[in-house]
Protein chains: 2
Amino acid sequence: MSLTNKTKYALLGVLSLSPMSGYDIKKFSDISISHFWNENYARIYPVLKEMEKEGLVTKITTRTAGRPDRNIYSITGKGLEELNEWLRQPIQYRPPREELLLKLFFSPNVPVENLMEKIRAEKEKYQKLIKEFKRIEIMITTDKKTKSQKGLPLWLTTLNFGKCHGEAVIKWCNQTLKTLETMK
Amino acid sequence: MSLTNKTKYALLGVLSLSPMSGYDIKKFSDISISHFWNENYARIYPVLKEMEKEGLVTKITTRTAGRPDRNIYSITGKGLEELNEWLRQPIQYRPPREELLLKLFFSPNVPVENLMEKIRAEKEKYQKLIKEFKRIEIMITTDKKTKSQKGLPLWLTTLNFGKCHGEAVIKWCNQTLKTLETMK
DNA sequence: GCGCCCATGTAACTAGTTACATGATTCA
DNA sequence: TGAATCATGTAACTAGTTACATGGGCGC
């Protein structure tokens, strides 16, 4: 157990909900966890293969006429164990890389209007995101498939994180725009 | 101009404040920008060499008895130009990877107490950080060397980001702890 | 006819981390 | 006496991105 290959655990997490192909995993993660976690095909396919070797998942290939074959992966008992073991471990934080703050920090000679442009873009980005989070919240608390799922309270918790975080960023943007205004 | 090698721009940014050795850059960034940007020696030294080749910095080696040689790098006109060009570009966002949220999302079968432990740790982490930010704010607005610097208002802005963000996380932690309490 | 969707994958690359090596000096 | 600081660097590795290749089906 390495604990460092996070892609592995993300895939195990998705497969713990339902058996899926690599393609399905990508689509599912794009609509469910992409606001806080991202995976792409170039990682998904090789890692699925590795996991099969390790006995964490099993593969069944299905054929449909006129469609490419699908490799459906199911999580095994061993996979569930490894996932749960990882879930219980404390969070490992990675060094932050906030490009916006890095740029701001070194920008005393950049025209204030350019900085304000960036802050406005940031604000708009989060305004849209918050709307998106609200839409998702309504969707998953309404949809029959999701609203009775055991995971729902925790899913709402991750959405709430997005909301709190977004509101904080917008607040900061407003304060920063005021500060920049005085620097004109 | 690649725009993708962010380490390069971080180093140019630091060197735009003052000529420094790789070692100095590391120490400086650890105390000034490490809360939102991190660099380590294994990147700093090779990137400084590349930048010298590109004519973005120049190197002077100084000797002091009983000390290792120091390679002092100074930013050139070309380096300043490239830095400023980059600073004006819009922010490039990287795909998020929030391990805490990823774990939460897939944790319906993890004991609630374990989840609360994680949230409490997160809350404590940010409480400490906010204290640290306050300390830094007092320091840089008091210290003679920093308080009259042109960059000060922007530095305070990055600190304020940390404060807003930290407060939001703590708020979310409190709400989440309440939710988890009802799931016991 | 064009472009998107389905579906799997590889190659080549860039970014970033960890561990190691050296060796004198200073401080507890 | 042992740990930390000064100072530079390399090797080996892991993580992650971008671009490419394949080829039928389907909607506009």
Side-chain angles (χ1 to χ4, degrees), chain A residues 1-11 19-31 33-34 36-53 57 59-73 92-99 102, chain B residues 1-11 14 19-31 33-34 36-54 57 59-73 92-99 102:
Chain A
M1 170 125 46
S2 69
L3 295 176
T4 59
N5 186 347
K6 306 287 168 72
T7 294
K8 184 163 105 175
Y9 298 107
L11 302 189
M20 281 185 224
S21 68
Y23 191 82
D24 293 335
I25 290 174
K26 172 67 174 150
K27 283 213 309 178
F28 176 83
S29 65
D30 279 353
I31 58 164
I33 59 172
S34 67
F36 53 84
W37 197 270
N38 167 281
E39 290 296 347
N40 58 49
Y41 292 127
R43 292 286 293 157
I44 291 174
Y45 288 118
V47 172
L48 279 172
K49 273 194 184 172
E50 280 168 40
M51 291 199 296
E52 199 195 354
K53 267 189 209 159
V57 297
K59 183 176 82 177
I60 297 174
T61 302
T62 65
R63 327 202 113 179
T64 312
R67 286 280 170 84
D69 287 1
R70 285 162 53 77
N71 297 327
I72 311 286
Y73 291 89
Q92 289 185 315
Y93 293 92
R94 13 196 62 208
R97 289 212 141 188
E98 297 285 343
E99 188 177 319
L102 184 69
Chain B
M1 171 127 44
S2 69
L3 296 177
T4 59
N5 187 347
K6 306 288 168 73
T7 294
K8 184 165 104 175
Y9 298 107
L11 301 189
V14 176
M20 280 185 226
S21 67
Y23 191 84
D24 293 336
I25 290 174
K26 173 67 174 149
K27 282 212 309 177
F28 176 83
S29 64
D30 280 353
I31 58 164
I33 59 173
S34 65
F36 53 86
W37 197 270
N38 167 281
E39 292 296 348
N40 58 50
Y41 290 126
R43 292 285 294 157
I44 291 173
Y45 288 118
V47 172
L48 279 172
K49 271 192 185 173
E50 282 167 39
M51 293 199 296
E52 199 196 354
K53 268 189 209 159
E54 289 179 64
V57 298
K59 183 175 84 177
I60 297 174
T61 303
T62 63
R63 328 202 111 179
T64 311
R67 286 280 168 86
D69 287 1
R70 285 162 52 79
N71 297 328
I72 311 286
Y73 290 89
Q92 289 185 315
Y93 292 93
R94 16 197 59 208
R97 291 210 140 190
E98 296 286 341
E99 189 178 318
L102 184 70

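Chain A is the first sequence line, chain B the second, and so forth, proteins listed ahead of strands; every chain is numbered from 1. No experiment lies behind these values; they were computed from the predicted model shown.
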Nearest-Å distance for atom pair OH/C1', residues B:Y41 and D:dA12: 21 Å
A:T64 side chain vs A:R67 backbone, donor-acceptor pair below 3.5 Å: no
Minimum-distance nucleotide to B:R43 side chain [options: D:dA19, C:dT8, C:dG16]: C:dG16
Check against side chain to side chain donor-acceptor pair (under 3.5 Å), A:T61 and A:N71: CA-CA 4 Å; A:T61 302; A:N71 297 327; 3.0 Å; yes
Minimal non-hydrogen separation, B:A10 against A:L102, with atom names: CB-CD2, 4.1 Å
Out of C:dG9, D:dG9, D:dT18, whichever nucleotide has its closest atom nearest the side chain of A:Y73: C:dG9
Integer-rounded Å distance: D:dT8 C1' and B:M20 CE: 17 Å
Evaluation steps, salt bridge (charged side-chain N to carboxylate O under 4.0 Å, His left out), between B:E39 and B:K26: CA-CA 7 Å; B:E39 292 296 348; B:K26 173 67 174 149; over 6 Å; no
A:K27 vs C:dC6: side-chain N/O to OP1/OP2 distance below 4.0 Å: yes
Separation of B:I25 CD1 from B:Y73 OH (nearest 0.5 Å): 8.5 Å
Separation of atom CD in A:E52 from atom P in C:dT8, rounded to whole Å: 13 Å
Side-chain N,O (B:K8) to OP1/OP2 (C:dG16) below 4.0 Å: no
5'-most by nearest nucleotide on DNA chain D - B:D69 or B:P46: B:D69
5′-ward residue of the pair A:A42/A:R67 relative to DNA chain C: A:R67
Rounded interatomic separation in angstrom, taking CD1 from A:I25 and C1' from C:dA7: 13 Å
Closest to side chain of B:Y23, choosing from D:dA7, D:dA15, C:dT8: D:dA7
Atom-to-atom span, NZ of A:K59 to C1' of C:dT8 - whole angstrom: 10 Å
Minimum heavy-atom distance between B:P96 and A:S34, given as atom pair plus value: CG-O, 3.8 Å
Side-chain N or O of A:R94 closer than 4.0 Å to phosphate OP1/OP2 of C:dA15: no
Touch class at under 4.0 angstrom, heavy-atom based, for A:R70 against every strand present: sugar-phosphate
Separation of D:dT18 P from A:E39 CD (nearest whole Å): 14 Å
Sugar-phosphate only, base, or nothing, as touched by B:R63 at under 4.0 Å among non-hydrogen atoms: nothing
Phosphate OP1/OP2 of D:dG16 contacted by A:N38 side-chain N/O (<4.0 Å): no
Selection from C:dT8, D:dG16, D:dT17 that lies nearest to any side-chain heavy atom of A:N40: D:dT17
Closest nucleotide among D:dG16, C:dA15, D:dT8 to the B:Y45 side chain: D:dT8
Gap between atoms NZ and P, on A:K6 and C:dG16 respectively (whole Å): 16 Å
Touch class at under 4.0 angstrom, heavy-atom based, for A:K26 against every strand present: nothing
Rounded interatomic separation in angstrom, taking CG from A:N71 and P from C:dC6: 17 Å
Comparing B:P68 and B:P95 on DNA chain D - which has the more 5′ nearest nucleotide: B:P68
Short side-chain N/O contact to C:dA15 OP1/OP2 from B:T7, under 4.0 Å: no
